Participant: 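Handing you a structure now.
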Amino acid sequence: MAIELDQIRHDISDTDQQLLGLLAKRRALALAVAEAKLAQNKPIRDQKREEELLLSLIGKGKDLGLDAQYVTRLYHVIIEDSVLQQQAKVQGQLNGENGPVCRVAFLGRQGSYSYWATQKYFTRRAEKLIEIGCDSFNEIVQAVETGHADYAVLPIENTSSGSINEVFDLLQHTRLSIVGELTHPIKHCLLGLPGTDLSKIKQICAHPQVIAQCSQYLQTLSSIKIEYCDASSDAFNRVRQAQDLSVVAIGGEEGGKLYGLEVLGRDLANQKDNVSRFIVVARKPINVAKAIPAKTTFIMYTGQQPGALVDALTVLKQHGISMGKLESRPIPGNPWEEMFYVDVFANLDDYAMKRALDELNRITRFVKVLGCYPSEDVAPTVVTSA
C-alpha cells in the first residue's frame, strides 16, 4: 500500500508540473492576444467571449466529472490574471514602462503587507525589483519626489478600517501622479515565537491600521499592552528581537514566517473579507490605452455656498461619468472647509471627461487631477446559463 501511495503522489506531482507548464503556455498566448487586439484597436476584455468560454468549459467539465462551481472558480482566477497581464503589457508599450530594473518605495520592510502588494503589482512589470523600505508615508512619497525611487506603493483604503487619511492628505500636496492601483486581501493573524502560550501574552505589536482593523478581537482581551509599529514587518522584527514569549504581533502569516514566527490565531479582522486598496504613484502621469478600462482621480474645492457639491456631482452625471468614490478631507488653515477626492470610471482623454473637467473648473474654486490609470477591478464573468 505504501508503494502504491508513493506512486500516486508521484503521479500527482507530475500532473501538477504539467498543469504549471500549460498555465505558462496559456499566459503567453494571452499576451499574444493583447498584441493582436492592440493592432486591431479592440478592447482588452471581451466579456461575451469569456462567457462563451466558461459555458463551454463547464460543459466539458461535467463530462469529466468536474462540477460547474469548481470550473467557474478556477477560470475566474485564470481570466483575471489574463486580463491584468494583457493590460500591463499594453500599458508598458504605450508609456515605455516595464523596464529591466524598477525601484519601488513602500511601507515597512520585507514581509509587510505593502511589501507583498509591491511584489504582486510589479511582477508583471519589471524583470528586477529594487525594494526601498520606508518608515512612513511621507518618506515613501519623498523617495519618489527626489528620484531615489521610480514608483511608490501606498495603501489608501481598507474594507474594515476605511480610508487612510494620511495618504489622502499627502496626495493633496505632492507633485506625483497616480499611475496604477491594486487590491490585496489582508488576513490578520496573531503571531509569536515558537512555544508561546496564549494565556501568558502581555504585549501585542502592530501597525495602527492593523489595530483598527482588529479592534473587535482586541476588545476581547484584557491587561494587554498595545505597541504601535511603523509597519507589520516592524512588529515581526520587534517580537523576534525581544525573544520574550509574552510578546506577540498581528500581521500576515507569510510575513511572520520570514521572521521565524508561528501562527497563534487566524482571521482577527473585524470583517471576514478584509481587503486593502493600494495606489501606485510616479513622478510623471501616464496615458491609458483606449482598449483598457480607466479610472481618473481628482480633487476639487467647491466652496461653502449651498448646493455647490451637488452642482459639481451633477456635472459628472450629465456627462455619463460613473463615480466610484467620494472622500472629503479638511483643508489645513481653513477651519470647517473641505477638499473632495473623487474617483471616476473614465479615461482622462475621453471627450466626456474633458468636458466635465472644463465645467468643473468653471463652477468650483479648484480642481487638480491626481492621475489617470488602468482600472484593476476585474469583475468575474457572469454565466447566465449553464
Side-chain angles (χ1 to χ4, degrees), residues 102-123 126 128-140 143 149 151-155 158 160-161 164 166-167 182-218 220-221 223-270 274-276 278:
C102 199
R103 303 170 300 165
V104 185
F106 59 90
L107 185 66
R109 302 295 184 273
Q110 189 178 44
S112 70
Y113 286 118
S114 292
Y115 166 82
W116 296 117
T118 298
Q119 298 291 318
K120 179 178 180 179
Y121 185 84
F122 284 96
T123 295
K128 181 181 179 182
L129 193 60
I130 297 178
E131 302 154 0
I132 303 174
C134 301
D135 295 326
S136 68
F137 295 134
N138 188 56
E139 184 183 340
I140 294 170
Y151 300 94
V153 174
L154 293 161
N158 175 268
S160 290
S161 56
I164 301 176
E166 186 179 349
V167 174
L182 76 154
T183 56
H184 187 67
I186 305 296
K187 299 185 181 298
H188 294 312
C189 298
L190 194 66
L191 299 140
L193 295 167
T196 297
D197 185 341
L198 280 171
S199 65
K200 297 180 180 179
I201 293 174
K202 296 180 181 178
Q203 180 176 308
I204 294 178
C205 303
H207 185 271
Q209 283 293 322
V210 175
I211 296 297
Q213 293 164 26
C214 300
S215 60
Q216 294 175 11
Y217 167 76
L218 293 173
T220 66
L221 307 177
S223 302
I224 300 290
K225 178 183 177 183
I226 302 297
E227 186 73 20
Y228 291 96
C229 303
D230 293 330
S232 293
S233 55
D234 179 30
F236 301 149
N237 195 44
R238 290 193 193 190
V239 174
R240 180 174 64 179
Q241 291 185 340
Q243 289 298 303
D244 183 343
L245 296 181
S246 68
V247 180
V248 298
I250 297 180
E253 180 176 357
E254 288 181 309
K257 286 181 178 179
L258 296 176
Y259 293 80
L261 307 185
E262 294 183 349
V263 176
L264 306 173
R266 287 186 168 86
D267 299 325
L268 308 185
N270 297 343
N274 190 33
V275 178
S276 283
F278 294 80

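Just so you know, these numbers come straight off a predicted model, no measurement behind them.
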Participant: Tyr259: which residues meet the ring pair (Phe, Tyr, Trp, His ring centres under 6.0 Å) condition with it, sequence neighbours left out?
Facilitator: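 In terms of ring pair (Phe, Tyr, Trp, His ring centres under 6.0 Å), with neighbours along the sequence ignored, Tyr259 is linked to Phe236.
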Participant: List in chain and number order the residues that pass side chain to side chain donor-acceptor pair (under 3.5 Å) with Arg238, two or more places apart in sequence or in another chain; answer none if no residue qualifies.
Facilitator: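 Residues passing side chain to side chain donor-acceptor pair (under 3.5 Å) with Arg238: Glu227, Asp234.
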Participant: With sequence neighbours excluded, what pairs up with Phe122 under the ring pair (Phe, Tyr, Trp, His ring centres under 6.0 Å) test?
Facilitator: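 Once residues adjacent in sequence are excluded, the partners of Phe122 under the ring pair (Phe, Tyr, Trp, His ring centres under 6.0 Å) criterion are Tyr151.
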Participant: Once salt bridge (charged side-chain N to carboxylate O under 4.0 Å, His left out) is applied, do any residues pair with Glu262, and if so which ones, sequence neighbours excluded?
Facilitator: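 So Glu262 forms no salt bridge (charged side-chain N to carboxylate O under 4.0 Å, His left out) with any residue.
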Participant: Identify, with sequence neighbours excluded, every residue that meets side-chain contact (heavy atoms from CB on, under 4.5 Å) alongside Ala231.
Facilitator: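 Testing Ala231 for side-chain contact (heavy atoms from CB on, under 4.5 Å), a comparison that skips the adjacent residues, returns Leu107, Ser112, Ser233.
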Participant: Give, for atom CG of Asp230 and atom CG of Asp135, the distance between the pair rounded to the nearest 0.5 Å.
Facilitator: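 Between atom CG of Asp230 and atom CG of Asp135 there are 5.0 Å.
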Participant: Taking only residues two or more places apart in sequence, or in another chain, which ones meet Glu139 in a side chain to side chain donor-acceptor pair (under 3.5 Å)?
Facilitator: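 Per chain and number, Glu139 pairs via side chain to side chain donor-acceptor pair (under 3.5 Å) with no residue.
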Participant: Can Ile224 and Ile201 be said to form a side-chain contact (heavy atoms from CB on, under 4.5 Å), step by step?
Facilitator: CA-CA 7 Å; Ile224 300 290; Ile201 293 174; 4.0 Å; yes
Participant: Do the side chain of Tyr113 and the main chain of Ser276 share a donor and acceptor less than 3.5 angstrom apart?
Facilitator: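 Not at all, since once roles are kept as given, no pair shorter than 3.5 Å links the two residues.
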Participant: Could you report the tightest heavy-atom contact between Gly192 and Val239, atom names first, then the distance?
Facilitator: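 Looking at all heavy atoms of both residues, the closest pair is CA-CG1, 4.5 Å.
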Participant: Apply side-chain contact (heavy atoms from CB on, under 4.5 Å) to the pair Asp267 and His188, showing each step before the final yes or no.
Facilitator: CA-CA 6 Å; Asp267 299 325; His188 294 312; over 6 Å; no
Participant: Report yes if some heavy atom in the side chain of Leu129 is under 4.5 Å from a heavy atom in the side chain of Val104; otherwise report no.
Facilitator: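 Counting from C-beta outward, Leu129 and Val104 do come under 4.5 Å.
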Participant: Report the distance from atom CD1 of Ile140 to atom SG of Cys134, rounding to the nearest 0.5 Å.
Facilitator: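 Rounded to the nearest 0.5 Å, the CD1-SG separation comes out at 5.0 Å.
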Participant: Go through Leu268 and Leu190 one step at a time and tell me if the side-chain contact (heavy atoms from CB on, under 4.5 Å) criterion holds.
Facilitator: CA-CA 8 Å; Leu268 308 185; Leu190 194 66; 3.9 Å; yes
Participant: Apply side-chain contact (heavy atoms from CB on, under 4.5 Å) to Ser246 and list each qualifying residue two or more places apart in sequence or on a separate chain.
Facilitator: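 By the side-chain contact (heavy atoms from CB on, under 4.5 Å) rule, Ser246 matches Lys202, Asp244.
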Participant: Mind running side-chain contact (heavy atoms from CB on, under 4.5 Å) on Val210 and Ser232 for me, showing each step along the way?
Facilitator: CA-CA 8 Å; Val210 175; Ser232 293; 3.9 Å; yes
Participant: Considering all heavy atoms of both residues, which atom of Leu193 and which atom of Arg240 are nearest to each other, and what is their separation?
Facilitator: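 Shortest heavy-atom separation between Leu193 and Arg240 comes out as CD2-CA, 4.3 Å.
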Participant: Please name all residues satisfying side chain to side chain donor-acceptor pair (under 3.5 Å) with Gln203, sequence neighbours left out, ordered by chain then number.
Facilitator: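 None.
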Participant: Roughly how far, to the nearest 0.5 Å, is CZ of Arg103 from CD1 of Ile132?
Facilitator: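 The CZ atom of Arg103 is 6.0 Å from CD1 of Ile132, to the nearest 0.5 Å.
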Participant: Is any NZ, NE, NH1 or NH2 atom of the basic residue among Glu253 and Arg266 found under 4.0 Å from an Asp or Glu carboxylate oxygen of the other?
Facilitator: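 Answer for the salt bridge query: yes.
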Participant: Nearest 0.5 angstrom please: Gln110 CD to Glu254 CD, how far?
Facilitator: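 Rounded to the nearest 0.5 Å, the CD-CD separation comes to 11.5 Å.
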Participant: For the CD1 atom of Ile164 and the CZ atom of Phe137, what is their distance to the nearest 0.5 Å?
Facilitator: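 Answer for the CD1-CZ pair, Ile164 versus Phe137, is 5.0 Å.
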Participant: Under the rule for side-chain contact (heavy atoms from CB on, under 4.5 Å), what residues qualify as partners of Gln241, not counting sequence neighbours?
Facilitator: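 Counting only residues at least two positions away or on another chain, Gln241 forms a side-chain contact (heavy atoms from CB on, under 4.5 Å) with Asn237.
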Participant: Decide yes or no on side-chain hydrogen bond (donor to acceptor under 3.5 Å, both in side chains) for Ser215 and Asn270, but give the supporting numbers first.
Facilitator: CA-CA 7 Å; Ser215 60; Asn270 297 343; 3.0 Å; yes
Participant: Is the shortest heavy-atom distance from the side chain of Phe278 to the side chain of His184 under 4.5 Å?
Facilitator: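 A side-chain contact under 4.5 Å exists here.
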Participant: At their closest point, which heavy atom of Asn274 faces which heavy atom of Ser160, and how far apart are they?
Facilitator: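 Nearest pair, atom of Asn274 first, then Ser160: OD1-OG, 2.9 Å.
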Participant: So, using side chain to side chain donor-acceptor pair (under 3.5 Å) as the criterion, who are the partners of Thr196 when residues are at least two apart?
Facilitator: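 Partners of Thr196 under the side chain to side chain donor-acceptor pair (under 3.5 Å) test: none.
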Participant: Taking all heavy atoms of Trp116 and all of Gly255, pick out the closest pair and write down the distance.
Facilitator: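 It is NE1-N, 3.8 Å.
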Participant: Would you call Gln119 and Glu131 a side-chain contact if the rule is heavy atoms closer than 4.5 Å?
Facilitator: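 A side-chain contact exists here, since the closest heavy-atom pair is under 4.5 Å.
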Participant: May I ask you to check whether over 12 heavy atoms, not counting those of Lys120, lie within 6.0 Å of atom NZ?
Facilitator: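 Check passes, neighbour count above 12.
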Participant: Say you draw a straight line from OH of Tyr115 to OG1 of Thr118; how long is it, rounded to the nearest 0.5 Å?
Facilitator: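 Result: 9.0 Å between the selected atoms.
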Participant: Could you list the residues that satisfy ring pair (Phe, Tyr, Trp, His ring centres under 6.0 Å) with His207, not counting sequence neighbours?
Facilitator: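 If we apply the ring pair (Phe, Tyr, Trp, His ring centres under 6.0 Å) test to His207, skipping adjacent residues, there are no hits.
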Participant: Kindly give the heavy-atom pair with the smallest separation between Gly260 and Pro194, and that separation in Å.
Facilitator: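 Minimum heavy-atom contact is O-CD, 3.6 Å.
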Participant: What residues form a side-chain contact (heavy atoms from CB on, under 4.5 Å) with Ser161, not counting sequence neighbours?
Facilitator: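 So Ser161 forms a side-chain contact (heavy atoms from CB on, under 4.5 Å) with Asn158, Gln209, Ala212, Gln213.
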Participant: How close do Ile211 and Ala206 get, counting heavy atoms only, and between which atoms?
Facilitator: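 Closest heavy-atom pair between Ile211 and Ala206: CD1-CB, 3.6 Å.
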